J.: 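For reference, the structure I am asking about is given below.
Keep in mind that this is a model prediction, so the values were computed, not measured.
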Amino acid sequence: MWLSIYIGSLFIDLNEPLQSVRSIITITVGLLQVGFWTLGLIDYWVEQKSVREDVGGDQKTTLNVLGIILKIAVWIFVFLIILDNLPGVEITTLITGLGIGGIAVGLAVQNILSDLFSSVSIALDKPFVIGDTIKTGDYIGTVESIGLKSTRLRSISGEQLIFSNSDLLSSRIQNFKRMDRRRVLFTLGVTYETSLEKLEKIPQILEEIISSKNDVAFERAHFKEYGAFSLNFEIVYFVETSDYRYFMDIQQEINLEIFRRFSEMGIEFAYPTQVVYTRKN
């Protein structure tokens with residue numbers, strides 16, 4: 001549109017001040033258009049790199065932050081060139097003035113700058129990357145995007161969670177994606193009527209059941225304590241994967257097998273009960 005106006009104005013006899021204004025507007029519009037085209041190319045480059053199958057979550061995170069930095073650099077460059085073409089504006093003096101006034105500006109936008117530097121920190125240090133499942137506070141979600149100011153998670157229940165980058169880095173983060181193996185600890189209780197012979201066999205039975213499963217490393221099974229209404233055993237094993245669904249499948253198989261073996265041996269699981277004794281005088 002402006003190109004058409006500019007070409008049309010060439011056929012009009014304008015005085016020198018108007019010609020100067022026309023040149024300034026033309027250069028400004030042209031530089032802004034180049035800036036938008038460059039941003040489009042950056043977005044296209046980041047998208048093409050991110051969709052490749054060999055690009056992991058950490059590389060996608062780095063690409064996103066790199067794209068943000070490049071966009072900022074483009075606009076700074078365009079802004080300085082536009083100012084350089086304005087009459088009476090000295091870039092060197094302006095930059096010096098920005099250095100002095102930058103302190104005040106920095107104080108005014110310190111939260112934004114904090115989030116910006118935090119996004120760079122996330123890209124370099126990689127406490128989490130796109131695709132990781134993390135927990136911060138009471139919230140758990142999968143990282144969908146890491147932006148200039150905020151990081152967006154998709155929670156287990158489906159809603160989107162948005163955290164500022166600085167707040168996220170200042171909190172404790174649990175990264176479940178980087179869990180190599182899952183330690184499982186559970187207890188079960190049997191009744192006080194269980195015989196000593198059966199109690200002695202229970203740890204061995206539990207070891208046999210757990211050790212028979214694939215990708216599982218048995219650690220221990222012990223008669224831990226005398227409970228209020230049960231004799232309690234504590235069992236520990238490791239699942240050699242971070243996949244939560246796989247872990248639950250294994251735990252289900254173990255629970256069903258324990259129930260079957262205990263039923264065959266006549267071992268009863270305990271539940272809260274009270275025994276009342278009466279005596280006749």
Side-chain angles (χ1 to χ4, degrees), residues 31-82 102 105-182 239 241-248:
L31 288 171
L32 289 175
Q33 185 61 58
V34 171
F36 286 119
W37 284 339
T38 305
L39 295 187
L41 289 174
I42 292 173
D43 287 335
Y44 177 77
W45 176 75
V46 171
E47 182 180 353
Q48 291 300 310
K49 290 287 186 180
S50 299
V51 297
R52 290 172 49 185
E53 295 182 357
D54 58 339
V55 175
D58 56 340
Q59 294 171 306
K60 289 181 181 179
T61 302
T62 302
L63 285 170
N64 284 348
V65 176
L66 181 59
I68 292 170
I69 295 173
L70 289 175
K71 289 178 182 179
I72 294 173
V74 166
W75 282 124
I76 291 175
F77 183 72
V78 169
F79 178 70
L80 290 176
I81 294 179
I82 290 174
V105 175
L107 291 173
V109 296
Q110 57 182 333
N111 290 335
I112 297 176
L113 292 176
S114 177
D115 289 329
L116 172 60
F117 291 133
S118 294
S119 68
V120 176
S121 177
I122 291 171
L124 297 177
D125 192 45
K126 295 183 177 64
F128 55 83
V129 297
I130 294 174
D132 283 2
T133 299
I134 64 174
K135 178 180 180 181
T136 175
D138 296 328
Y139 301 98
I140 300 177
T142 302
V143 180
E144 287 191 332
S145 66
I146 302 170
L148 177 63
K149 181 171 175 54
S150 63
T151 294
R152 301 170 189 268
L153 311 181
R154 182 66 60 180
S155 73
I156 296 175
S157 53
E159 70 271 18
Q160 189 177 67
L161 305 174
I162 303 173
F163 301 90
S164 68
N165 292 327
S166 57
D167 288 344
L168 197 57
L169 283 187
S170 64
S171 62
R172 291 180 176 86
I173 299 173
Q174 292 177 261
N175 194 327
F176 296 106
K177 187 67 174 293
R178 297 178 185 176
M179 182 189 300
D180 295 327
R181 61 192 327 217
R182 186 182 295 272
V239 179
T241 177
S242 62
D243 190 328
Y244 185 78
R245 182 166 183 171
Y246 185 79
F247 147 66
M248 288 302 298

J.: From R154 CZ over to T142 OG1, what is the distance, rounded to the nearest 0.5 angstrom?
T.: 9.5 Å
J.: Which atoms form the tightest heavy-atom contact between T136 and S171, and what is the distance?
T.: OG1-OG, 2.9 Å
J.: Which pair of non-hydrogen atoms, one from I140 and one from L161, has the smallest distance, and what is that distance?
T.: O-CD1, 4.1 Å
J.: Any non-hydrogen side-chain atom of L168 less than 4.5 Å from a side-chain atom of I173?
T.: yes
J.: Looking at P127, is its backbone amide N or carbonyl O close enough to the side chain of N175 to form a donor-acceptor pair, meaning the two atoms are under 3.5 Å apart?
T.: yes
J.: Has the side chain of D132 got a donor or acceptor atom that lies under 3.5 Å from a matching backbone atom of V129?
T.: yes
J.: Between R152 and E144, is there a salt bridge with N-O shorter than 4.0 Å?
T.: no
J.: Indicate yes or no: at least one non-hydrogen side-chain atom of L153 is less than 4.5 angstrom from one of Y139.
T.: no
